[in-house]
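Both ligands and their constituent atoms are indexed starting at 1 by order of listing. Side chains are part of it too, since the values below use all heavy atoms of this structure and drop only hydrogens, waters and symmetry mates.
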Amino acid sequence: MKTWHVGSFKVTEIPEFPIAVGLLDGVIAEATPDVVRGIDWMRPDFANEQGQTLWDVHSYVVDTGDQIILIDGGCGNGKSYPMQPSWTDLDTPFLDRLTEAGYSPDDIDILLCTHLHLDHIGWFSMKDSAGRWVPTFPHARLVLVRDEYERHLAQMLSPEDEESAAGAGADDDPIARAFLADSASLSKQTKLIQEETFDPIVEQGLLELVPTNAEVVPGVRYEQTLGHTAAHHSVRLSSEGRSAFVTGDFIHHPMQIARPEWSSQGDWDGATTGRNRRAFFEAAAGTDLLILGTHFTGAGAGYIVEDGEGFRLANAPA
Ligand SMILES: [Zn+2]
């Protein structure tokens, strides 16, 4: 299992599953196989010989010494995702891997989430032996940025609005455009996520909403990184003069380090994401900020260095 030390914090990646090769071909439209093959450092960690990008789904446990924090919750087992049928009703040994890493669900104190897409929230709940959805981490507060939670809630339409939106075709929401026919389908998907994942946490009084850029505990801070969703936040870790940055989908794939302006089809506002990525890399280049990529395969992490018209991920700080 991949682990990193950031000052006195220990970070462990908990794998959920590798995304099937080909499923996300074209999600970054400019990253055609020829282009990907032309960027040497993509292989073998982040792309295959055919120039297809590689992706996975994982979470991070951050052990600060005082608190044990899980960042992002993958897809979860047994969930209903009409938006993404191949991630519906999964059965992965994610919790066994958490145990292998030395943590039980009871140990987790805090859950953080970069944004509320279905591949970042699933493990926050699970089915108990009676088949009811319950919090997977019974003692953990789910600490969410208020604006991101409200964005999620706003996707749920009234039955009348769902009816009038049904079959209306692509709408203003890029996720709906990319994966679904219309906002009615997005609304139905969001209601399932609310029922299966968030309601059990709300009912236990474990949901806590915080403002943009909130420090959650000393050295663990949400950092607004807009564009993938309207209130997307990455997570910055700081301890004893060292720091790390959990990207979320702000950096969806390392190709976007090489070409910061190339946005994902799933972005709510690709132009904003691109601008924000370039500014972020300009500030990070040549520093010892450890980048932990939420969908990065292979080494999964590295340091930003300048490279031609873009940047690249290096094994050591420049
Ligand atoms: Zn994602």
>> Restricting to distances shorter than 2.8 Å, give the number of protein N, O or S atoms close to the Zn ion (ligand 1).
In response: 4
> So which of Arg275, His252, Arg277 actually passes side chain to side chain donor-acceptor pair (under 3.5 Å) with Ser263?
Replying inline: Arg277
>> Restricting to non-hydrogen atoms, name the atom on Ser125 and the atom on Thr136 that form the minimum distance, rounded to 0.1 Å.
In response: C-OG1, 2.9 Å
> With a cut-off of 6.0 Å (strictly less than), are more than 12 heavy atoms of other residues, nucleotides or ligands near CG of Asp106?
Replying inline: yes
>> Can you tell me if Glu150 has over 12 outside heavy atoms packed within less than 6.0 Å of its CD?
In response: yes
>> Salt bridge or not between Glu100 and Arg97? Use side-chain N to carboxylate O under 4.0 Å.
In response: no
> Parallel, tilted or perpendicular for His228 and His117, by the 30°/60° rule?
Replying inline: perpendicular
